Number of protein chains: 2
Amino acid sequence: MVTLSEVAREAGVSPTAVSRHLNRSIVLPKATADRIDEAVGRLGYRPNALAKRLSKGKAEAICLATPEISNPFFAELASAIESAAAERGYGVTLLSTRGRPAREIEAVNQLADRYFDGLIMIAARPDDGTLGDLIGRRQGIVLLDEDVPAARVPRIFVENAIGARLATEHLIAMGHTDIALIAGPMGLLSANERVEGFKATMAAHGLRVDEARMLHGEFTREFGHEAALAIARMSPRPTAILACSDYLSVGVLGALHDLGLSVPDDISLVGFDDMPLAELFDPPLTTIRQPIAEMGRIALERLLASLDGVEVPAMTRLPVELIVRKSVADIRGNARR
Amino acid sequence: MVTLSEVAREAGVSPTAVSRHLNRSIVLPKATADRIDEAVGRLGYRPNALAKRLSKGKAEAICLATPEISNPFFAELASAIESAAAERGYGVTLLSTRGRPAREIEAVNQLADRYFDGLIMIAARPDDGTLGDLIGRRQGIVLLDEDVPAARVPRIFVENAIGARLATEHLIAMGHTDIALIAGPMGLLSANERVEGFKATMAAHGLRVDEARMLHGEFTREFGHEAALAIARMSPRPTAILACSDYLSVGVLGALHDLGLSVPDDISLVGFDDMPLAELFDPPLTTIRQPIAEMGRIALERLLASLDGVEVPAMTRLPVELIVRKSVADIRGNARR
DNA sequence: CTCCGGCAATAAACCGCTTTACCGAAGGCT
DNA sequence: AGCCTTCGGTAAAGCGGTTTATTGCCGGAG
C-alpha cells in the first residue's frame, strides 16, 4: 500500500505539494508537476479512500433504505438512484428494512454515525413517532414514496389520490359499480391518499362504498392473496378490485387463479405502480404507472442539493398515469352477475 | 458533533480509557465505567464511523457489482447478500455495471482504494483479459454466477450444464426434437456451459443440432425478442425454444405474443434462472431454478471468510432444479407441424 | 539599496478514533 | 524490607490524507 508520503519522498517534494497538486488546489511549475505525476505512476499510487473521507469529513456515499430490495418496484428505484449517484461520484449503500422499525432506525443512526452523507428513506409502515423524532429536522434525509409525518425533511411523492381516481374512473367507465379496494396499511400516507381518492371518485359518481369492501393490510403478496380470497367470498361478489400496489395485485392474481376465477372475465383488477414485468402477467395488468426512474433521479438530486445546503422544495409530487392493459372487463350493459 | 475526547473530559478520564471501555478491550472498576457510560449517554456520543474506519483500516462494507440491479434475478441476489451482510455488521454498496467494462474496472479500483473491504462481482460479459489482470490474485474478491477467467479468486456458480441438460431432457421427453437455443454471449462461462449441456444432451439422444438454430447474444430482453423473431421465421419452425435466461424468455414471450403465436400451443419455451414472478407470466414459465438466496448467502460467507484470511474453496457449484409450469406443450405422437 | 509582491513550496495542525506500550500505586510473598 | 504482580489507567504514535498559515527566495519598483 503506497502512501502519499512515499510519493512525496520519491518526487522530492512535501506531501502537501503532492496532495494539493493531485487535488488541483495549487499550480506547480511543469517540471515539478511532472516529477510528481511520474512518481504517482511509477509507484501506482492510489489515494486511500478511508483517509480521504475522514479528513474531508465526507463519506462520499448515500444510503438507500427500502422496505425490500427484491421487490422489482424498489429495485427499479434503486437502479435509477444508483445510476444518478454514480454520475455524481457518490456510492449507494443498500439497506433493506424488511418492514422492521428497528432497521429504519438503524438507517438513521448510521447516518448520524457518518457512515454516509445522506439517506433516501422509503418508509414501510406507519410511524408511531419514534422514527419521526429521530429524523426530526436532521440534514441529509429525503423521504421517497412514503411519509414519516413528524419529520421536517424534503419529500418526493406521487399523486396518489389522482392515481386512485384514474383507476376508479376507468373501472366505472367500464361498467363496474361494485368495486372492492385492497388498500395498504392503515395510517400510511400513500395508502390513505389512495383510499381517499377512491372514495371521493365513487362518491362523485353517486356510488356507495361499503366499508367492509375496503381491506387494509401490508403491501405484500401475502396480504393481496388473503384479501382476494376474502373478496371472492363476498356476496354479492364485487365485479372489480382496485389493489393499491402491484405487489398486492400479484397476490390477488395468484389467489383468484387458485380459485379458478378468471381475470378479467370473472373479476376485474386494477393495480398501482406499474411495476416492471406487470405487462407480462396473465392477464397483462391494467395499472397506475408511477414514474419510477424519475422519482429516483429527483430524490437523489434533492438529497445532494440539500447536502450542499441549497434550499429544496419541502414536497414534490410526481404525476401518475393510467396504463390500460387486459385485466379489466367491459361489462357495460351486462346484467349484474 | 461530540467526540471521544469530549466524553473523556466529561468523565474525567483519558480518551484511551473511553475508547477501550467502549470496545471492551479493558475492564474498568464499576464506578469509572459508570461515569463513562453516563457521559456517553448525557452527551449523546456516537463514534464517528469515518474515523473508526480509518484507524481500523476497515471500511466495514462490501460492494456488490451486478450487471443491473433492476433485473429481478440480481435484485433477489442483492437482497440475500444484504441480509447476510447486515447480520455480520457489514454494509453493502451497490454498483450496477450496466454491462460496461469500465464500470467493472471501477469496482475493482474502488476496492483497491479501500472504499470497501470486499467485492462480490457478477460479471456481465466475456473479459478480454483486462479485468482478469486487475483482479489477479487480489484478496477480497469473489466471483458470483459468472466467470472472469484469468482471476485467481473464489467462485460460486451453479451447475449450468446440468441445468441445460434437465431443460433439454424435459423438452425431449415432451416430444420435441427440433429445439432452438437462445444462448448468452459467446465466451461467457455460464453461456458456454449451458450450450455445451444442451448439445451434449441432444447428441445423447441422437438428435442433431443445427448451428443456425443456436443464437448468441446478450442476456437482455431485447436480444430475447430479436432472437424469437428470427426463430419464428425459421422453416421448418422449431417446436421449442430453450432460452438460457429468464430475462431472455421475457423478450421471447413478448415477441411471440406480438406475432400472434401461442406459447406453448405454437411453440414451447423453457427458461433458465426461475426469476421471481416467472410463475405469473402468461404462460407460467417452465424454467431451471437457481437457488438464488443460497447463492447470495454463500457468496457473502466465502467473501468474509477470505477477508479473515481463511482458505475457501476455489469453486463452489450449487445445484439447479427443473421447475415445470405451463410453457411446454406435450407433442408426443403429434405429427410434425 | 531597500522594500514589496508574488511564486514555489512546506510545516504542522487536524480529522476522530485505535492501539501499543508503559507507568505508578497498592497489595501479596518471601 | 525488598521484589513481583495486579490493578487502573494513560501518553503518544499512528491511520493517510487535507488545509491553513507561513517561509524563503527572487525580481522589479521606488
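Given the structure is predicted, the values throughout are model-derived calculations rather than measurements. A, B, ... follow the sequence lines: proteins, then strands. Residue 1 opens every chain.
Without hydrogens or angle criteria, A:R317 side chain to A:V158 main chain gives a donor-acceptor distance under 3.5 Å. With hydrogens and angles disregarded, a donor-acceptor distance shorter than 3.5 Å links the side chain of A:T97 to the backbone of A:T66.
On the nucleic acid side, DNA chain C contacts chain B at distances under 4.0 Å to non-hydrogen atoms, with the end points of that region at C:dG16 to C:dA21. You can see that DNA chain D meets the heavy atoms of chain A within a 4.0 Å-exclusive cut from D:dG16 to D:dA21, reading 5' to 3'.
For A:R114, there are no salt bridge (Lys or Arg N to Asp or Glu O under 4.0 Å) partners at least two apart in sequence or on another chain. The salt bridge (Lys or Arg N to Asp or Glu O under 4.0 Å) check on B:D113 picks up A:R46, with sequence neighbours excluded. Under the side chain to side chain contact (heavy atoms under 4.5 Å, CB included) criterion, B:N71 pairs with B:F73, B:F74, B:Y247, sequence neighbours left out. With sequence neighbours left out, the side chain to side chain contact (heavy atoms under 4.5 Å, CB included) criterion links A:A51 to A:N48, B:L54.
For residues 74-89 of chain B, every residue pair satisfying the side chain to side chain donor-acceptor pair (under 3.5 Å) rule, not counting sequence neighbours, is listed here: A:E68-B:S79, A:R98-B:S79, A:R98-B:E82, A:R103-B:E82. For residues 5-21 of chain A, the set of pairs meeting the salt bridge (charged side-chain N to carboxylate O under 4.0 Å, His left out) definition, not counting sequence neighbours, comprises A:E10-A:R42. Evaluation of the side chain to side chain donor-acceptor pair (under 3.5 Å) test over residues 127-136 of chain B, restricted to residues two or more places apart or in two chains, returns B:D128-B:T130.
In this structure, the side chains of A:L95 and A:Q110 come closer than 4.5 Å at one or more pairs of heavy atoms.
Residues from residues 19-41 of chain A lying near DNA chain D, meaning a heavy-atom separation below 4.0 Å, are A:S19, A:R20, A:N23 in numerical order. Taken residue by residue, residues 2-17 of chain B places heavy atoms nearer than 4.0 Å to DNA chain D at B:V13, B:S14, B:T16, B:A17.
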Run the side-chain donor-acceptor check on residues 294-309 of chain B: report pairs under 3.5 Å with partners two or more places apart or on a different chain.
| from | atom 1 | to | atom 2 | distance (Å) |
| --- | --- | --- | --- | --- |
| B:R302 | NE | B:T316 | OG1 | 3.2 |
| B:R302 | NH2 | B:T316 | OG1 | 3.0 |
| B:S306 | OG | B:L303 | O | 3.1 |

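Side-chain atoms of A:K58 and A:Y90 form a donor-acceptor pair, as typed in the model, at a separation below 3.5 Å.
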